[in-house]
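Accompanying notes for the structure given below.
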Amino acid sequence: MKISTDCIHAGYRPANGEPRNIPIIQSTTFRYETSEAMGKLFDLEESGYFYTRLQNPTNDRVAAKIAALEGGTAAMLTSSGQAANFYAVFNIASCGDHVVASSAIYGGTFNLFAVTMKRMGIEFTFVEPDCSLEELEAAFRPNTKAVFGETIANPALSVLDIQRFADAAHAHGVPLIVDNTFPTPVNCRPFQWGADIVTHSTTKYMDGHANAVGGCIVDSGKFDWTRYPDRFPGLCTPDESYHGVTYTERFGLEGAFITKATAQLMRDFGSIPAPMNAYLLNVGLETLPLRMARHCENGQRVAEYLQSHEKVAWVKYPGLPGDRHYELALKYMPNGTCGVVSFGVKGGRAAAERFMAGLKLASIATHVADAKTCVLHPASATHRQMNDEELAAAGVSPDLVRFSVGIEDIEDILADLEQALAGV
Ligand SMILES: *Cc1c(COP(=O)(O)O)cnc(C)c1O
């Protein structure tokens with residue numbers, strides 16, 4: 001099926017007389033006739049539900065839909081995008097290990113990697129997405145376990161050369177993990193370009209209406225962990241915390257990564273989304289292709305308008321001809337990128353703040369990528385914890401305004417920009 005059809009139908013096919021919508025199974029527990037039957041579930045000998053922290057039918061159906069949209073073999077929902085990125089990396093890297101990451105990533109992810117996971121003993125080397133092949137090669141160490149990047153970086157809006165990063169990762173026998181939040185699978189499917197694991201903050205376009213924080217991890221099922229059993233012992237040797245199961249043996253390449261993330265990480269860290277939130281996410285997914293088309297159309301118009309405005313110092317939008325990442329955007333996202341536009345107002349930080357205060361339709365919000373146009377100054381909000389050097393590496397200048405173009409009528413969005421810029 002085409003992606004618009006999968007957005008509606010994948011992951012759930014009701015049998016005769018069953019609910020047409022994915023039912024919300026808002027239950028922590030599931031009943032069994034005998035202890036023996038339940039024991040088999042705990043041993044992963046049989047599949048079935050027993051406790052929602054590990055698995056829930058509503059969540060699983062929505063995860064299966066996202067797996068289909070990305071063209072993956074298995075997926076797991078998490079309670080936030082932060083949890084998704086943490087689990088995706090921690091599932092294969094632990095104390096003493098190392099990860100290569102793009103420096104142009106979401107501020108929260110940078111903090112997770114550079115501060116919190118560092119405290120757990122995992123070292124990260126950050127490379128600019130446009131770095132030379134030599135710089136990329138030099139970032140790898142013998143204990144490197146993964147490479148991480150964002151298809152379109154939030155808020156730098158640089159485009160990751162997925163194929164180049166995948167080739168480098170594979171040459172070193174490690175997977176490429178790609179956060180595909182901004183383009184969504186409607187505009188880019190990183191598995192087609194060699195990525196091995198995809199993550200999402202479903203909080204953004206997938207949900208699309210700013211009503212539920214959530215995340216997702218999808219496995220392509222293509223990375224062969226068993227070729228490097230010493231590098232990935234967690235997947236290739238018995239898990240003593242789970243009755244000696246060896247994930248790659250029992251669940252194959254298509255199921256090992258997600259089963260381990262569920263049985264081990266979700267069991268122990270417990271960032272499971274409420275079934276109600278999974279339900280809301282699914283409602284958003286049904287209209288994702290329609291909304292993405294509109295976000296991209298409006299985003300393009302806004303970028304072009306800003307580019308020709310005398311009070312605007314610069315505009316960053318990968319869909320603009322002449323943009324540093326235009327060619328990469330055409331290659332990886334021929335149908336459009338996203339609705340987020342970053343730009344600087346002449347007069348720097350103070351002018352940016354005056355411009356933002358003058359907006360009437362667009363609201364100042366710590367959010368991005370939903371139906372309602374909103375705006376944020378990352379240097380004083382999401383990227384506040386970074387020093388100037390880190391800000392520069394992340395592609396966030398002090399005057400950067402992140403403008404998330406919604407799906408309102410474009411004439412109203414442009415009129416709002418016009419009057420706010422007039423007041424600067
Ligand atoms: C927002 C965001 C995250 C974090 O997701 P939450 O759902 O807010 O936890 C991760 N990656 C990207 C690209 C994001 O935009």
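Order of appearance sets the numbers: ligands from 1, and atoms from 1 within every ligand. Start at 1 with the first residue, then count along the sequence.
Judged by the 6.0 Å and 45° rule, Lys204 forms a cation-pi pair with Tyr106.
Taking the side-chain contact (heavy atoms from CB on, under 4.5 Å) definition, one finds that His309 meets it with Tyr305, Lys311, Val312, Leu421, sequence neighbours left out. For Asp409, the side-chain contact (heavy atoms from CB on, under 4.5 Å) test picks out Glu411, Asp412, with sequence neighbours left out. Applying the side-chain contact (heavy atoms from CB on, under 4.5 Å) criterion to Pro155, with sequence neighbours excluded, gives Ser342, Pro378, His383, Val396, Leu400, Arg402.
Under a 3.5 Å cut-off, the side chain of Glu390 and the backbone N or O of Asn387 do form a donor-acceptor pair. At distances below 3.5 Å, not a single donor-acceptor pair connects side-chain atoms of Tyr317 with backbone N or O atoms of Glu304.
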At less than 3.5 Å, what protein N or O atoms come close to the N or O atoms of ligand 1? Include the distances to 0.1 Å.
{"unit_1": "ligand 1", "atom_1": "5 (O)", "unit_2": "Ser201", "atom_2": "OG", "d": "3.0"}
{"unit_1": "ligand 1", "atom_1": "7 (O)", "unit_2": "Gly81", "atom_2": "N", "d": "2.9"}
{"unit_1": "ligand 1", "atom_1": "7 (O)", "unit_2": "Ser201", "atom_2": "OG", "d": "2.8"}
{"unit_1": "ligand 1", "atom_1": "7 (O)", "unit_2": "Thr203", "atom_2": "OG1", "d": "2.6"}
{"unit_1": "ligand 1", "atom_1": "9 (O)", "unit_2": "Gly81", "atom_2": "N", "d": "3.0"}
{"unit_1": "ligand 1", "atom_1": "9 (O)", "unit_2": "Gln82", "atom_2": "N", "d": "2.9"}
{"unit_1": "ligand 1", "atom_1": "11 (N)", "unit_2": "Asp179", "atom_2": "OD2", "d": "2.7"}
{"unit_1": "ligand 1", "atom_1": "15 (O)", "unit_2": "Asn154", "atom_2": "ND2", "d": "2.8"}
{"unit_1": "ligand 1", "atom_1": "15 (O)", "unit_2": "Lys204", "atom_2": "NZ", "d": "2.6"}

